Amino acid sequence: MKSFEEKLQSYAALAVQVGVNIQPGQVLLVKAEVGSASFVRLVVQEAYRAGAKEVFVEYNDDAVNRIKFESAGDEVFTSYPEWEKHKYESLTEMGAAFLSILSSDPDLLSGIASSRIASQQKAQANALMNWRGAMQASKNSWSIVSVPSLAWAEKVFPNDDDCVDKLWEAIFAACRVGEEDPVAAWIAHDENLHKRVDYLNQKQYRALHYRAKGTDLTVGLDPKHVWCGAGSTNQYDIPYMANMPTEEVFTVPSRLEVNGSVASTKPLSYAGNVIDNFSFVFENGRIVEVKAGQGEEVLKNLVATDEGSHYLGEAALVPFRSPISDTNLLFYQTLFDENASNHLAIGNGYAFNVVGGKTMTREQLDEAGVNNSLTHVDFMIGSVDMDIDGIREDGTREAIFRNGNWAF
């Protein structure tokens with residue numbers, strides 16, 4: 001059995017070798033919370049071992065961010081530093097890879113005026129539009145992993161003195177770190193998910209029909225839609241793994257062909273707030289009704305980010321019986337919770353989810369039904385009672401999910 005230190009080293013190696021898959025001579029930018037500095041050092045070491053030319057580290061501090069939202073003037077949240085924008089665009093142009101290490105408190109900005117949060121999110125999204133577009137078109141390698149913080153661990157395991165250790169073990173298990181050869185385990189996992197991808201791409205359904213408690217939703221799919229899952233390849237044909245962990249296969253909805261209602265099945269941790277017990281109603285693709293038992297104002301501000309945030313950008317399938325779901329843990333972090341549940345995403349669609357999308361202009365993506373927005377936020381809708389049908393061009397139906405799990 002591996003020791004904690006051995007697992008930690010393996011996890012850092014996975015983030016570098018499988019996540020961003022650093023190549024000799026490549027630059028890496030690591031974004032992380034200050035509390036994860038010890039893990040960041042292992043990642044930096046692994047990156048240089050893999051031949052990275054240089055590794056830059058950008059630290060955030062939850063406490064400093066909270067102070068800023070409590071104390072700074074309103075005008076601070078309506079702009080974004082030009083030098084920061086140029087940094088990301090410059091790194092993108094030189095083919096850098098981007099690794100985000102998440103550990104923030106899910107309740108970090110609880111009680112902060114939602115208007116401030118919305119302004120800051122929109123200003124940042126506007127400034128980093130080119131960078132985000134490059135990532136969502138898979139031009140550069142990028143990946144997201146997580147490291148426990150005390151505040152996050154206490155949210156997942158309340159009133160438990162061993163909460164940080166338990167969250168570490170949950171992360172290790174979800175990321176296959178305990179396997180004898182974690183890299184080989186990830187390669188096999190990628191291959192298994194691609195079997196689902198290949199099946200769905202061969203079927204070329206024109207729509208998906210979701211049915212469950214509180215949900216009766218039809219999501220149209222453009223004839224050029226493409227299902228993807230697990231690994232991606234960047235513009236240099238270098239493979240990478242954007243999310244670690246990942247259990248999903250996903251595609252892009254046709255922007256104007258979403259109709260019906262959908263209810264959340266897990267809380268959404270967004271912008272330092274927890275949103276729970278929420279639902280949407282769609283008409284011709286557009287969200288026309290928003291309700292939430294907790295965080296409704298934050299959710300409504302998210303939907304109001306721009307015109308595109310009123311539409312869907314992703315439809316993802318994850319069986320109820322899956323490694324993360326089987327832990328029966330609520331992680332309060334989308335990276336994990338979305339990989340325990342079928343989910344949809346408000347906002348921007350991924351260019352690579354349509355045939356030839358990586359090289360399409362914005363106008364061509366619009367014609368293919370790919371939504372355009374400053375934001376992309378996943379929310380969970382899967383449950384043990386969810387059924388999903390695939391609807392063929394001729395209107396015939398085939399079972400994709402029954403009782404929350406794959407039907408094929």
Side-chain angles (χ1 to χ4, degrees), residues 129 132-139 193-194 196-211 215-230 232-233 235 242 248-262 280-288 303 306-318 338 342-379 381 388-401 408:
M129 186 185 304
R132 189 190 69 251
M135 299 308 105
Q136 293 184 340
S138 285
K139 293 187 182 299
L193 284 179
H194 270 91
R196 304 288 186 188
V197 166
D198 292 343
Y199 176 89
L200 291 168
N201 280 330
Q202 182 271 324
K203 287 292 184 179
Q204 280 297 292
Y205 294 115
R206 280 291 284 115
L208 305 175
H209 184 201
Y210 297 77
R211 300 183 307 280
T215 294
D216 187 352
L217 187 74
T218 301
V219 176
L221 304 175
D222 187 87
K224 292 183 178 180
H225 78 276
V226 174
W227 288 90
C228 298
S232 302
T233 56
Q235 62 182 323
E248 66 177 303
V249 299
F250 61 95
T251 192
V252 62
S254 182
R255 183 174 185 268
L256 302 179
E257 298 184 78
V258 180
N259 289 281
S261 57
V262 62
F280 300 108
V281 175
F282 291 83
E283 291 182 4
N284 298 322
R286 199 174 197 275
I287 296 173
V288 296
V303 173
D306 57 19
E307 180 60 19
S309 54
H310 291 79
Y311 297 82
L312 292 181
E314 180 186 340
L317 303 179
V318 180
E338 73 169 2
N342 288 318
H343 56 276
L344 303 170
I346 293 169
N348 206 57
Y350 292 115
F352 54 76
N353 277 136
V354 293
V355 176
K358 289 184 179 182
T359 58
M360 283 183 179
T361 64
R362 182 64 254 175
E363 290 73 20
Q364 290 171 323
L365 290 171
D366 291 342
E367 290 176 6
V370 179
N371 191 36
N372 183 23
S373 175
L374 293 173
T375 193
H376 179 101
V377 178
D378 300 275
F379 63 97
I381 64 169
I388 305 174
D389 287 343
I391 303 175
R392 303 295 298 270
E393 186 70 49
D394 62 4
T396 57
R397 291 170 173 259
E398 296 176 352
I400 297 178
F401 267 57
F408 62 86

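These values consider heavy atoms only, across backbone and side chains, with no hydrogens, waters or symmetry-generated copies. Predicted model, so just to flag it, every value in this text is computed and none were measured.
Atom NE2 of H310 is separated from atom CZ of R255 by 10.5 Å, given to the nearest 0.5 angstrom. Expressed to the nearest 0.5 Å, how far NZ of K139 lies from CD of Q235 amounts to 6.0 Å. Note that the CG atom of D198 and the NZ atom of K203 stand 13.5 Å from one another [nearest 0.5 Å]. Taken to the nearest 0.5 Å, the OG1 atom of T218 stands 7.0 Å off from the CG atom of N259. Taking CZ of R211 as the start and CD1 of I388 as the end, the distance is 9.5 Å to the nearest 0.5 Å. If you take CD1 on I381 and CD on E338, they are separated by 12.5 Å, rounding to the nearest 0.5 Å.
Residues D389 and I400 fail the side-chain proximity criterion, which asks for heavy atoms closer than 4.5 Å. By the 4.5 Å heavy-atom criterion applied to side chains, N348 and Q136 are counted as neighbours. With a 4.5 Å cut-off on side-chain heavy atoms, V249 and L200 count as touching. Between E398 and R392, some side-chain heavy-atom pair lies under the 4.5 Å cut-off. The closest side-chain heavy-atom distance from S254 to H225 is not below 4.5 Å. Considering only heavy atoms from C-beta on, K358 comes within 4.5 Å of T233 through its side chain. Within the 4.5 Å cutoff, the side chain of I391 has no heavy atoms near those of the L208 side chain. Side-chain contact check for E393 versus Q204: every heavy-atom pair is 4.5 Å or farther apart.
Cation-pi check for R397 over Y205 is not met; the charged atom does not lie both under 6.0 angstrom from the ring centroid and within 45 degrees of its normal.
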* Asked: Given the rule in the side chain to side chain contact (heavy atoms under 4.5 Å, CB included) test, do V219 and E257 qualify, once you have shown the distances and angles that lead to the verdict?
  -> CA-CA 6 Å; V219 176; E257 298 184 78; over 6 Å; no

_Checking F282 against V262 for the side chain to side chain contact (heavy atoms under 4.5 Å, CB included) test, could you report, in this order, the C-alpha distance in whole Å, the side-chain angles of both residues, the deciding distance, and whether it holds?_
CA-CA 8 Å; F282 291 83; V262 62; 3.8 Å; yes

Practice prompt. Apply the test side chain to side chain contact (heavy atoms under 4.5 Å, CB included) to residues Y311 and I287: give CA-CA distance (whole Å), side-chain angles for both, the deciding distance (0.1 Å), then the verdict.
Written response: CA-CA 6 Å; Y311 297 82; I287 296 173; over 6 Å; no

Q: Before giving the answer on side chain to side chain contact (heavy atoms under 4.5 Å, CB included), spell out for R196 and W227 the whole-Å C-alpha distance, their side-chain angles and the decisive distance to 0.1 Å.
A: CA-CA 9 Å; R196 304 288 186 188; W227 288 90; over 6 Å; no

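Residue L193 comes nearest to E248 through the heavy atom pair CD1-O, 3.9 Å, listed as atom of the first residue, atom of the second, then distance. The shortest non-hydrogen separation linking F250 to A316 is CB-CB, 3.7 Å. Minimum interatomic distance between R362 and V370 (heavy atoms only, all atoms of both residues): NH2-O, 2.7 Å. Nearest approach of L365 to G357, heavy atoms of both residues: CD2-O, 4.0 Å. Closest heavy-atom contact between P253 and L221: CA-CD2, 4.2 Å. Here the closest heavy-atom approach between residue Y210 and residue A315 is recorded as OH-CB, 3.7 Å.
Counting non-hydrogen atoms of neighbouring residues, nucleotides and ligands closer than 6.0 angstrom, the CD atom of E283 reaches no more than 12 such neighbours.
Here the side chain of R206 pairs no donor or acceptor atom with the backbone of G220 at under 3.5 angstrom. Remark: side-chain polar atoms of T251 are paired, donor with acceptor, to backbone N or O of V226 under 3.5 angstrom.
If you check the side chains of S373 and N371, you find no donor sitting under 3.5 Å from an acceptor. Inspection of the D216 and H209 side chains reveals an N or O donor paired with an N or O acceptor under 3.5 Å.
Between F280 and F379, a ring centre-to-centre spacing shorter than 6.0 Å is recorded.
The one candidate from I346, N353, D378, L344 that meets the side chain to side chain contact (heavy atoms under 4.5 Å, CB included) condition with E314 is D378.
Using cut-offs of 30° and 60° on the angle between ring planes, the pair Y350 and H376 is tilted.
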